[in-house]
Amino acid sequence: MNDNGKKFQLNLPLKVILSDGGTSHFLGHNVNLTRFHMADGKDEKGISINPFSPKSIQDMIMLDYISKIEVSMSEFSAVRQDVMDLSKTIVFSLIYKQFDRMLYSTLVKCDVVVKFNRANPRNLMDESTKIPDAKLRPMLEKKKTVMTLAKKTILEPVWNAIMTNKSYSPEEKNVYILMSEKFLNRMGLMNWYVITQFYQKDGFEQINLNIRHLLQEYMEKSSIADHISLLLMELVTNNENANLRKVAKTLYDGLEDTDSVVLNPEIREKLFAELKRRHELVTISWQLGGGSTAIGKQGRLHIMLFNKDDQYQMMKDTVSDKMTSDTRKKSIVDFYRDDAGGDAGMDLGMMYFSYLDESCKKANVKFESIVNQPMSNDLTVINLIFNF
């Protein structure tokens, strides 16, 4: 459940596609943007970074600067932990951000805030209220003591509930205690503005209770981060191995037992070198929400896994031009049951999928998985879609 991994730096060739706000920020700091041709065929503007710190990615997501992250490589197995750490960083960041949005929406509906708004129509605190951080920061700086006391008041009952929960192991208790504090530490200034306005006033208990309930809900959602990263890495590994088998058959004429070749470390290294020479890549793309103004989609995460699949070339060639926009769609489970040729390596991936599916249902996270083979190209696209 670690939200940014143990490493301070990760080594992956990231294409970071910026939101409108992110574009304005970087252009305002005289950073030249790069035009990328993405795996989905679109041209986008952003920045390329490698290496990078998970914290920098998290900060940019929290500021709504990032709309998409993409990484393409022939060999992911050598950077397995970095991929998983990046995945968890993205998921945690989105969950923190969605918690912050939902909390503000909840707080402004509390009785004490509604009462305040009726009495102060010129100083409303509602969902349309937007006070710049540059103005809020000095105001809250004067209320540091109040913020510290409010934080303690909110967290102490949460910590007591965690420590007395017999279903948690000692390690889980420590993780949840640290996580609960992280949620508050990453809260936006507007939420702290509301909290400090009404702390220790009549009606604050409702605010406190709502914060604790939402905190519990989003802490449960955060457990999904590990399952997502494990499933994603298994899917990547499966695609990577499929590419190795394919190139092995072309390099070793008449080869039948591709597994024995693919599992040989020396030959495997040569196969990866050939894949790089041919520029045959596996691509992972994380699409974050729908932007800060996309109502109902701010908590959406769409992960796409792209891989070239020659298996569908014959089908593509037999389809008339007028049908080139059609796609074949099936669930990820059906795809691997029907098309993976009984690959035993996917057993573990399907187990992770089951864990993820069950965890999403428990945490009230909408989860959909689809595999597409667009008729317009020879890519197989695995889609994992979450709404937190």
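- Not a single side-chain hydrogen bond (donor to acceptor under 3.5 Å, both in side chains) links Asp202 to another residue, sequence neighbours left out.
- Residues passing the side-chain hydrogen bond (donor to acceptor under 3.5 Å, both in side chains) test with Asp111: none are found, sequence neighbours excluded.
- Pairs of residues two or more places apart, or lying in two chains, never qualify as ring-ring contact (aromatic ring centres under 6.0 Å, His included) while including a residue from residues 138-161.
- Side-chain atoms of Ser74 never come within 3.5 Å of backbone atoms of Leu281 as a donor-acceptor pair (strictly under, hydrogens ignored).
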Go through the steps to decide whether Ile90 and Ile69 satisfy the test side chain to side chain contact (heavy atoms under 4.5 Å, CB included), and finish with yes or no.
CA-CA 9 Å; Ile90 293 170; Ile69 295 173; 3.9 Å; yes

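- A distance of 9.0 Å separates CD of Gln216 from NE2 of His213, quoted to the nearest 0.5 Å.
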Run the numbers on Asp64 and Lys97 for side chain to side chain contact (heavy atoms under 4.5 Å, CB included), then give the verdict.
CA-CA 9 Å; Asp64 282 326; Lys97 190 66 179 173; 3.6 Å; yes

Evaluate side chain to side chain contact (heavy atoms under 4.5 Å, CB included) for Thr237 paired with Phe76, printing each intermediate quantity in order.
CA-CA 7 Å; Thr237 300; Phe76 277 95; over 6 Å; no

Output, in order, the C-alpha distance, side-chain angles, deciding distance and verdict of salt bridge (Lys or Arg N to Asp or Glu O under 4.0 Å) for Glu358 and Lys362.
CA-CA 6 Å; Glu358 184 179 348; Lys362 286 182 179 178; 3.4 Å; yes

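- Using modelled atom types, no side-chain atom of Asn120 and backbone atom of Arg122 make a donor-acceptor pair closer than 3.5 Å.
- For the pair Phe52 and Ile49, the tightest heavy-atom approach, listed with the atom from each and the gap, is CB-CD1, 3.9 Å.
- The shortest side-chain heavy-atom distance between Ile195 and Met187 falls under the 4.5 Å cut-off.
- Clustering ILVMFWY residues whenever any of their side-chain heavy atoms sit less than 4.5 angstrom apart, transitively, puts Leu209 in a cluster other than the one holding Leu103.
- Shown here for Ile66 and Ile57, the closest heavy-atom pair between the two residues is CD1-O, 4.1 Å.
- The existence of a salt bridge linking Asp100 and Arg186 is excluded, since no basic side-chain nitrogen approaches an acidic carboxylate oxygen closer than 4.0 Å.
- For Asp43, the side chain to side chain contact (heavy atoms under 4.5 Å, CB included) criterion is met by Arg35, His37, not counting sequence neighbours.
- Cluster membership for Met147 and Ile207, using ILVMFWY side-chain heavy atoms within less than 4.5 angstrom, is shared.
- Side-chain contact of Gln58 with Thr89: a donor-acceptor pair under 3.5 Å is absent, judged by distance alone.
- Ring geometry, Phe367 versus Phe386: the interplanar angle falls under 30°, so the pair is classed parallel (tilted spans 30 to 60°).
- Nearest heavy atom pair, residue Pro13 against residue Met73, reads CD-SD, 3.9 Å.
- Closest of all the heavy-atom pairs between Ile95 and Ser222 is CD1-CA, 3.6 Å.
- A single hydrophobic cluster is seen to contain both Val158 and Met163, as judged by linkage of ILVMFWY side chains at heavy-atom distances under 4.5 Å, directly or through other members.
- By the ring-ring contact (aromatic ring centres under 6.0 Å, His included) test, Phe116 pairs with Phe198, sequence neighbours left out.
- Looking at Asn264, its side chain does come within 3.5 Å of a backbone N or O of Ile267 through a donor-acceptor pair.
- Formation of a donor-acceptor pair under 3.5 Å by the Ser19 side chain with backbone atoms of Ser67 is not found in this model.
- Pairing each heavy atom of Lys88 with each of Ala225, the nearest pair is CG-O, 3.8 Å.
- Minimum interatomic distance between Pro121 and Arg118 (heavy atoms only, all atoms of both residues): CD-O, 3.8 Å.
- Under the ring-ring contact (aromatic ring centres under 6.0 Å, His included) criterion, Phe204 pairs with Tyr199, sequence neighbours left out.
- Applying the side-chain hydrogen bond (donor to acceptor under 3.5 Å, both in side chains) criterion to Lys173, with sequence neighbours excluded, gives no partner residue.
- Partners of Tyr355 according to the ring-ring contact (aromatic ring centres under 6.0 Å, His included) rule, which considers only residues two or more places apart in sequence or in another chain, do not exist here.
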Using the salt bridge (Lys or Arg N to Asp or Glu O under 4.0 Å) rule, take Lys246 and Glu280 through it: C-alpha gap first, then chi angles, then the decisive distance, then the call.
CA-CA 11 Å; Lys246 183 171 61 178; Glu280 293 200 13; 3.6 Å; yes

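- Residue Glu205 qualifies as enclosed at atom CD: its count of foreign heavy atoms under 6.0 Å is above 12.
- One hydrophobic cluster holds both Ile61 and Phe183 under the rule that ILVMFWY side chains link at heavy-atom gaps under 4.5 Å.
- Considering only residues two or more places apart in sequence or on other chains, His25 meets the ring-ring contact (aromatic ring centres under 6.0 Å, His included) condition with His29, Tyr65.
- When atom types are taken as modelled, the side chain of Asn307 and the backbone of Val282 share no donor-acceptor pair closer than 3.5 angstrom.
- A cation-pi contact links Lys221 to Tyr218, judged by a cut-off of 6.0 Å to the six-membered ring centre and 45° from its axis.
- Side-chain atoms of Gln287 and Arg300 form no donor-acceptor pair, as typed in the model, at a separation below 3.5 Å.
- Remark: Ser77 pairs with Glu240 by the side-chain hydrogen bond (donor to acceptor under 3.5 Å, both in side chains) rule, at least two apart or across chains.
- With a 4.5 Å cut-off on side-chain heavy atoms, Met38 and Ser285 do not count as touching.
- Ile17 and Ile303 are not part of a single hydrophobic cluster, where members link through side-chain heavy atoms under 4.5 Å apart.
- Looking at Glu266 and Lys270, no side-chain N of the basic residue comes within less than 4.0 Å of a carboxylate O on the acidic one, giving no salt bridge.
- A donor-acceptor contact closer than 3.5 angstrom links the side chains of Thr283 and Ser72.
- Sparse packing is recorded around CG of Asp20, with 12 or fewer heavy atoms of other residues, nucleotides or ligands lying under 6.0 Å away.
- In this structure, the side chain to side chain contact (heavy atoms under 4.5 Å, CB included) partners of Thr23, at least two apart in sequence or on a different chain, are Leu18, Leu27, Leu33.
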Validation: residues 136-145 side-chain donor-acceptor distances under 3.5 Å, sequence neighbours left out:
unit_1	atom_1	unit_2	atom_2	d
Glu141	OE2	Lys144	NZ	3.3

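- Salt bridge present: Glu234 and Arg80 bring a charged side-chain N and a carboxylate O closer than 4.0 Å.
- Counting only distance, with no hydrogens or angles, the side chain of Asn50 and the backbone of Leu14 share no donor-acceptor pair below 3.5 Å.
- With no hydrogens or angles considered, no side-chain donor-acceptor pair links Lys308 and Asn243 at under 3.5 Å.
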Report the C-alpha distance between Asn117 and Met125 in whole Å, list the side-chain angles of each, state the deciding distance to 0.1 Å, and finish with yes or no for side chain to side chain contact (heavy atoms under 4.5 Å, CB included).
CA-CA 6 Å; Asn117 286 339; Met125 293 184 196; 3.9 Å; yes

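- A heavy-atom distance below 4.5 Å is not found between the side chains of Tyr352 and Asp357.
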